[in-house]
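Step one of this worksheet: look at the structure below.
Both backbone and side-chain heavy atoms feed into the values below; hydrogens, waters and symmetry mates do not. Proteins come first, then strands; the chains are lettered A, B, ... in the order of their sequence lines, and each starts at number 1.
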2 protein chains.
Amino acid sequence: MTIKDIASRCGVSVATVSRVLNRFPHVHPALRARVEREIRRVGFRPNGVARSLVLKKTRTIGVVVADITNPFYSEIARGIEDQVRAHGYTSVLCSTDNLPKRQLEYLQTLLEKRVDGLILGSVRRREPEVAALAHNGFAMVLVNRSFRSPHVDSVVVDNYAGARRLMEYLVGLGHRLIAHIRGPLQFSTGYDRYRGYRDSLRARGLTPDPRYVVSGAFRREDAVVATRRLLELRPRPTAIFAGNDLMALGALEALAEAGLRIPADMAVVGFDDVELASYWGIRLTTMSQRIYEMGRLAVDLLMERIEKRRRERRAIILQPELVIRGSCGGQPISGGLGQGSLPLETHLDRAQLRRPQG
Amino acid sequence: MTIKDIASRCGVSVATVSRVLNRFPHVHPALRARVEREIRRVGFRPNGVARSLVLKKTRTIGVVVADITNPFYSEIARGIEDQVRAHGYTSVLCSTDNLPKRQLEYLQTLLEKRVDGLILGSVRRREPEVAALAHNGFAMVLVNRSFRSPHVDSVVVDNYAGARRLMEYLVGLGHRLIAHIRGPLQFSTGYDRYRGYRDSLRARGLTPDPRYVVSGAFRREDAVVATRRLLELRPRPTAIFAGNDLMALGALEALAEAGLRIPADMAVVGFDDVELASYWGIRLTTMSQRIYEMGRLAVDLLMERIEKRRRERRAIILQPELVIRGSCGGQPISGGLGQGSLPLETHLDRAQLRRPQG
DNA sequence: CGACAGTAGCAAAACGTTAGCAGAAAACAA
DNA sequence: TTGTTTTCTGCTAACGTTTTGCTACTGTCG
C-alpha cells in the first residue's frame, strides 16, 4: 500500500496525496477530505524510509551510553528520549559497555542509518575518530563525559569541583585517612574526580598515599573487590570516596561483609546521586547532579546544531550539589525503628523534579 | 559521497561497487581490491536508507517498554539489545509510561519507520489495535506482559504460580494477615499476581479481606502511600506481598518511616528480583525471574518470525524461583556488623549470569 | 578452429516519497 | 469580452541503493 495506490483509488496524482499528507496549501478542501478519508479507510501509513531518502533527513538521533542498565545512564537516556520526542524526533539507544570497539561499531551503524545527530555519553578523554566526525560538521554533543580538549558541544557536571567539595566535607568531619576508589582515568569523570581528590589532599598539606587509591570501572562489583583491598591497609582509612554511587554501593557491601559499621567505623561518599542512593537502606551521602536534566539539555544543544541555528561551540557545565544522607554520620545509615528515615515528601519531590509529568 | 562517486572515481559501474560492497562473486580480485581501497580512502559509508528502501527491510526492530528507568525494563532492554545486535539488527527503544496514548503514538512512528518487527513490553491485557497488527502478520512478540487471549508470540513468567508460591512461603512462616499491594489489573502481571494472592488465601480457607488489598502502578512512590494506608488497618497485617520489587522498596520505606522493624514487625516480599533487590541494605525476599534472558528469548522468537522460519504461534512461559533473603526473617534485613550479609560470590555469580561477557 | 562454459562488467529499472515546473481552471478587474 | 492573477492539480526528476538481463571477454576442450 503506497501513496500511488491511494492516488489511483482517489483518481488524483501522487503529488496531490503527498500534499494532503504534508498539509500543504493549494489543495481543494473537498479533495483533501476525500483523500484523507481514503487514507484512513485503508489505514495507509506513508513510508518513512522513502521520505528520509528524498529529504536527506531521518528525524532520528543516535544515543550511545556505556550501559543502559546503569541507573545513571537510564535516567540520562530517559531525559534524552523525552526531549527528543518533544522535538518530533526518535532516538536509537546503544550500550557500549565502555568497549571502544563496540562504540565504534555502533557509531558506524548509526552513521550508515543516517541519523541526523549523535549524543555520546560514553566517550574517553581522547577519541580521535569521534572528534574528527564532529570537526567535519556532524551534529554531535557529548554528555556526562567530555574530551580532553573539548572542541565539541557538551553538557557535563563540574566533576573536579564536586570532588573537592566532597573531600572538604570529609575533612571537615575530621577524616584524614581518606581512600579513593577511582574510575578509569581515560574517562573525564574518572580523571577529574581523581584530580579533585588528589588536589584536595595536597591543599590540606596531606600527601596523597598511592596505596589509598584503587581503581574500578565504575561498577559495583569492582568496588567490592577494591574495598577489600583497602581494608587490609594499615593504618586503615577512615573514609572512602567512591568514584560514583554504584561503586559506593559496592563499598557498603564489602564493609558490611567485613563487619564494619557505617558510618561509625567507616564513612562512605559517592557521586551522581542516582535515585537509589536515596532509598531506604542505602541513604548515601553523595554529590548530586541533575541527571535527567542533563539529557534534556544535550538534546537542546543538538537540535540547535541540526537546525543550524548555531555554529560556534557551546559547553554547558553544571554545578553538582552536596546531599548529605546517612553514610558519613549525622543520620545512621541503616533503617529500621524510626531512626534515620528521611521525611517521605523529599522523595516524592525528587521523583517529580526528575521527571516532570509528561 | 555516494556509490556513484566511488564508481566514477574507479572507472567502473555502480553495479560493480555494489557487488564489492555486498561481497558478491563475479568481480575480479584486482578490481575488488582497487574499489575497496578507494572506499576506505574516502571513508565512504553506503546509505542505509536507500538500501532499506529497495530491500524493503530496515534491519531494525522496535522495542516499547513502560519505563527504561525502571531497573526491570532496563535489564530486559539490555537483553534485547545484545541479542538483536548478535543478529545484526538495531533496536529502537521507547518508554510509554504505561500511557496507552503514548504507546499508540510510538507504534505509529515505528511502523512509519518500517521496523522489521516489534517487541512490546508494556501492553495491557486487552489491546485491540495491537492484536490486529499481529493478526495481519506483522512480526511481533510480547514480553513480560501478555494479552488476555494470547494469539500472539510472547515470553512471560508464570505470575500466577509465582504469586501462589510466595503466599505459601508467607503462610508457612505463620502469617495469616497478609496484605497485597497489587499492580493495575489491566496488566497481566498485576492481574495474575493478584489472582494468585486471592486464590492462595481461599485455598487456605482464609477469606480475602478487600481492605488488605491496595493498588499502585508498579511504582515505588505508590507503594509508600499504599503501605501507609495498610498500617492504619486493625488488625494490622503481619506481611505485605508487593506486586513488584519497586513497590516492595516503597513498602520498606513507609515501614521504616512508621518505626516498624523488618522482618520482626512486618514481613515484605516483592516480585521480579531486579538486581538491586539483592543489594546490601535491601536484601529483599522475592520471586526471581531471568529478566535479561527474557529479553534474549523475545528476540529469538521475533527473528523466527521475521525470517519466516515459523508461522504458528509460540508462547514461552518461564517458571520463577523463590529467593529468600532478609525481608521475611531468616537473615535480618539491615546490614552492618557482620549480620545478614550474603557471601559476595553470590553477587558476582549473579552478575555474570545475568550478563554473559560480551 | 569453433562451440561453449564461465567470468566480468555495464545499463537500466525498480523502491516510495518530495518538490519544482507547468498547465488548467476559476476568480477577479478593466 | 479580454487580460491578469490566484488557486488548484499533474508530470516528472530526483534521492542512493540493489538486482536483472545483457554483452563482451576469457580460456578449454573436442
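Scanning all heavy atoms of the two residues, the minimum distance from B:Arg125 to B:Phe187 falls at CG-C, 3.7 Å. Scanning all heavy atoms of the two residues, the minimum distance from A:Leu110 to A:Cys94 falls at CD1-SG, 4.2 Å. The nearest pair of heavy atoms linking B:Arg145 to B:Ala66 is NH2-CB, 4.3 Å.
At a non-hydrogen distance threshold of 4.0 Å, B:Phe44, B:Pro46, B:Asn47, B:Ala50, B:Arg51 from residues 39-53 of chain B come into contact with DNA chain D. Contacts with DNA chain C (heavy atom under 4.0 Å) in residues 1-17 of chain A: A:Thr2, A:Ile3, A:Ala15, listed by number. Contacts of residues 27-35 of chain B with DNA chain D (heavy atom under 4.0 Å): none. Of the residues in residues 110-118 of chain B, none has a non-hydrogen atom less than 4.0 angstrom from any atom of DNA chain D. Residues from residues 54-61 of chain B lying near DNA chain D, meaning a heavy-atom separation below 4.0 Å, are B:Val54, B:Leu55 in numerical order.
For the residue pair A:Ser52/B:Lys113, the side-chain donor-acceptor check at 3.5 Å is not satisfied.
Between B:Arg78 and B:Asp82 a salt bridge is recorded (basic side-chain N to carboxylate O distance below 4.0 Å). With respect to the salt-bridge test (charged N to carboxylate O, under 4.0 angstrom), the residues B:Asp67 and B:Arg219 do not qualify. By the 4.0 Å N-to-carboxylate-O rule, B:Arg85 lies too far from B:Glu81 to be salt-bridged with it. Ionic pairing of B:Glu105 and B:Lys101 is present here: one or more N-O contacts between side-chain nitrogen and carboxylate oxygen are shorter than 4.0 angstrom.
Surrounding CZ of A:Arg23 are at most 12 heavy atoms belonging to other residues, nucleotides or ligands under 6.0 Å away. The number of heavy-atom neighbours closer than 6.0 Å to NZ of B:Lys57, taken from other residues, nucleotides and ligands shown, is above 12. Annotation: A:Arg45, atom CZ; neighbour count of heavy atoms from other residues, nucleotides and ligands within 6.0 Å is above 12. Environment of CZ in A:Arg148: sparse, with no more than 12 heavy atoms of neighbouring residues, nucleotides or ligands closer than 6.0 Å. Within a 6.0 Å sphere centred on CZ of B:Arg311, heavy atoms belonging to other residues, nucleotides or ligands number 12 at most.
Residues forming a salt bridge (Lys or Arg N to Asp or Glu O under 4.0 Å) with A:Arg37 (at least two apart in sequence, or on another chain): none. For B:Val42, the side-chain contact (heavy atoms from CB on, under 4.5 Å) partners at least two apart in sequence or on another chain are B:Met1, B:Ile6, B:Arg9, B:Glu38, B:Phe44. The salt bridge (Lys or Arg N to Asp or Glu O under 4.0 Å) test applied to B:Glu127 returns B:Arg124, not counting sequence neighbours. B:Ser154 meets the side-chain contact (heavy atoms from CB on, under 4.5 Å) test with B:Leu142, B:Ser146, B:Ala315; sequence neighbours excluded.
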Dump every N/O contact between nucleotides 21-27 of chain D and the protein below 3.5 Å, one line per pair.
none

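Here the side chain of B:Asn70 pairs a donor or acceptor atom with the backbone of B:Phe72 at under 3.5 angstrom. Side chain of A:Asp116 to main chain of A:Ile61: no donor-acceptor pair is present (N/O by atom type, distance under 3.5 Å, no hydrogens or angles).
Where DNA chain C meets chain B (any atom under 4.0 Å from a heavy atom), the bounding nucleotides read 5' to 3' are C:dT7 to C:dG16.
With rounding to the nearest 0.5 Å, the separation of NZ in A:Lys308 from CE in A:Met303 is 13.0 Å.
Residues B:Gln186 and B:Arg126 form no side-chain contact, since every pair of their non-hydrogen atoms from C-beta on lies 4.5 Å or further apart. The side-chain heavy atoms of B:Leu118 and B:Leu133, taken from C-beta on, include a pair separated by under 4.5 Å.
Within the helix from C:dC1-D:dG30 to C:dA30-D:dT1, the inter-axis angle between the opening and closing five-pair segments is 50°, rounded to 10°.
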